[in-house]
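Following: one structure in C-alpha cells, then a few remarks.
Treat the numbers as computed from the prediction; the structure is a model and nothing was measured.
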Amino acid sequence: MATNILDRLKSNPSVLSKSERKVAVVILQDPNKAIRSSIASLAKAADVSEPTVNRFCRSLDCTGFPDFKLKLAQCLATGTPYVNRNVEPNDRVEDYSSKIFEATMSAISDAKRSIDPNALSRTVDALAQARRIEFYGLGASGSVVMDAQNKFFRLNTPCVAYVDILQQRMAAAATKPGDVVVIVSNTGRTISLVETAKIARDSGATVISLTSPHTPLANSSHILLGVDSSENTDIYTPMTSRLVHLTILDVLATGVTLKLGPEFQSHLKRIKAALADTRFQEDSGD
C-alpha cells in the first residue's frame, strides 16, 4: 500500500519519538538526498543510531529502510510536491486556487492508493446487513455525515446522522447488535467522538471509523477506513480531507447498492421517479 510519506512526516510527527523526529527533519530538508543516502549516512546526518532509523521506518508502516526509500521515491514521482501545497499570505488568486485544486486532486489520488480494499469490503458487508445505520461527525465532518445520510437513506435501511455531542452519546447508548455506527473525523483525536465510539461498542453496535490511522478513534473501532491527512487545521478549515471522506462514502454507497443486487434497482427507480414532478422539463428545442 503506497502512502504519501512526506505528508505523514509533515502533518503527524506525533507518531515519532524525539530521536525519530530528528530523522524526519533531515529527510524533509532534502527528500531527494534521502533517497540516495545509505542508512549509515542518514543516521549520521540526523545524529542518531542506525537502529533509530529502522524504528523510524517502522513507525511509518515500512518494513525497513529500503521499503521507506521506495515509498519516498513513489511519493516524489507522483502527485504534487508537498511544499507547493501550502497557501502563503502573499499568494495571488491564481496561486492559491491552483494549490487548492492540486492539493485536492493529490489527496484523492493518495487515498485511492492507500485505502485498504479489505477494510472497504468489510465495511460494505456490514452496511448492507445493518439493521440501522448511524453517522456521527462534528465540525467540518458534520457536513460529511449529513451527506452520508442523504445517500444511505435511499438504500432501504433506517439511517440517521448526528452532529451534536449529546445526541451522539445518547444515540450510541441506544444502539443494539446489528446496528452500524460510522464515525467520521479528520484528526481522530476528538475526545467526545472516541468516548462515543466506546459507548456504541459497549452497546453491541459495529463501529466503523473514517479517520487517520494510529489515532485514539482508529484504535476504538471495529473497522478502520484509514486516510492520512496533510492539512493544517489549526489555521484553515479542513478542505481536502472533507472531499476525500465524501469520495470514500460514495464508494461505500455504490458498494452497498451493488451488494443488494439487481432486484434492488426497482426501489431506486421509484425514488428517482418521485422527483420527476419537482423539476421543469427541458425544452425540446426547434
With no hydrogens and no angle check, just 3.5 Å: does a side-chain donor-acceptor pair link [X] and [Y]?
X      : Y      : answer
Asn219 : His214 : no
Thr215 : Ser212 : no
Ser41  : Ser38  : yes
Arg55  : Ser59  : no

Under 3.5 Å, is there a donor-acceptor pair between the side chain of [X] and the main chain of [Y]?
X      : Y      : result
Arg132 : Asp179 : no
Ser209 : Ser221 : no
Gln168 : Ala197 : no
Glu195 : Ser192 : no
Arg279 : Leu275 : no
Lys71  : Asp61  : yes
Lys112 : Ala107 : no
Asp67  : Thr63  : yes
Thr187 : Arg189 : yes
Asp147 : Val144 : no

- Shortest non-hydrogen separation from Ala172 to Ser203 and the atoms involved: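 Nearest heavy atoms, Ala172 then Ser203: O-OG, 3.1 Å.
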- Task: Indicate the ring-plane relationship of Phe152 and Phe135, choosing parallel, tilted or perpendicular according to the 30° and 60° boundaries.
- Result: tilted
- Query: So, do Pro213 and Leu224 sit near enough that their side-chain heavy atoms are less than 4.5 Å apart?
  - Reply: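 When only atoms from C-beta onward are counted, Leu224 and Pro213 do touch, with a gap below 4.5 Å.
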- Message: Between Asn54 and Arg58, is there a side-chain heavy-atom distance shorter than 4.5 Å?
- Response: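 Arg58 vs Asn54: side chains touch.
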- Do Leu28 and Val48 share a hydrophobic cluster, counting only Ile, Leu, Val, Met, Phe, Trp and Tyr and linking them when any side-chain heavy atoms are less than 4.5 Å apart? yes
- Take Lys22 and Asp47 through the test side chain to side chain contact (heavy atoms under 4.5 Å, CB included) and record every step on the way to the result. CA-CA 8 Å; Lys22 294 169 70 175; Asp47 193 26; 4.0 Å; yes
- Query: Could you go step by step and tell me if Val163 and Met146 meet the side chain to side chain contact (heavy atoms under 4.5 Å, CB included) rule?
  - Reply: CA-CA 8 Å; Val163 296; Met146 294 300 293; 4.2 Å; yes
- Message: Walk me through whether Phe68 and Phe56 qualify under ring-ring contact (aromatic ring centres under 6.0 Å, His included).
- Response: CA-CA 9 Å; Phe68 168 78; Phe56 163 84; 5.3 Å; yes
- Message: Please list all pairs meeting salt bridge (charged side-chain N to carboxylate O under 4.0 Å, His left out) that have one or both residues in residues 247-260, counting only residues at least two apart or in different chains.
- Response: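 Passing the test, one end in residues 247-260: Asp125-Lys259, Lys151-Asp250.
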- Item | Derivation and outcome, side chain to side chain contact (heavy atoms under 4.5 Å, CB included), residues Glu134 and Thr175 | CA-CA 9 Å; Glu134 298 187 355; Thr175 56; 3.8 Å; yes
- Item | Apart from Leu138 itself, residues in the same hydrophobic cluster as defined by side-chain heavy atoms under 4.5 Å |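 Once heavy-atom contacts under 4.5 Å are chained together, Leu138 belongs with Tyr136, Val160, Tyr162, Ile165, Val181, Ile183, Leu193, Val194, Val207, Leu217.
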- In the hydrophobic clustering that connects Ile, Leu, Val, Met, Phe, Trp and Tyr at side-chain heavy-atom distances below 4.5 Å, which members other than Val25 occupy its cluster, ordered by chain and number?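 Its cluster partners, ordered by chain and number, are none at all.
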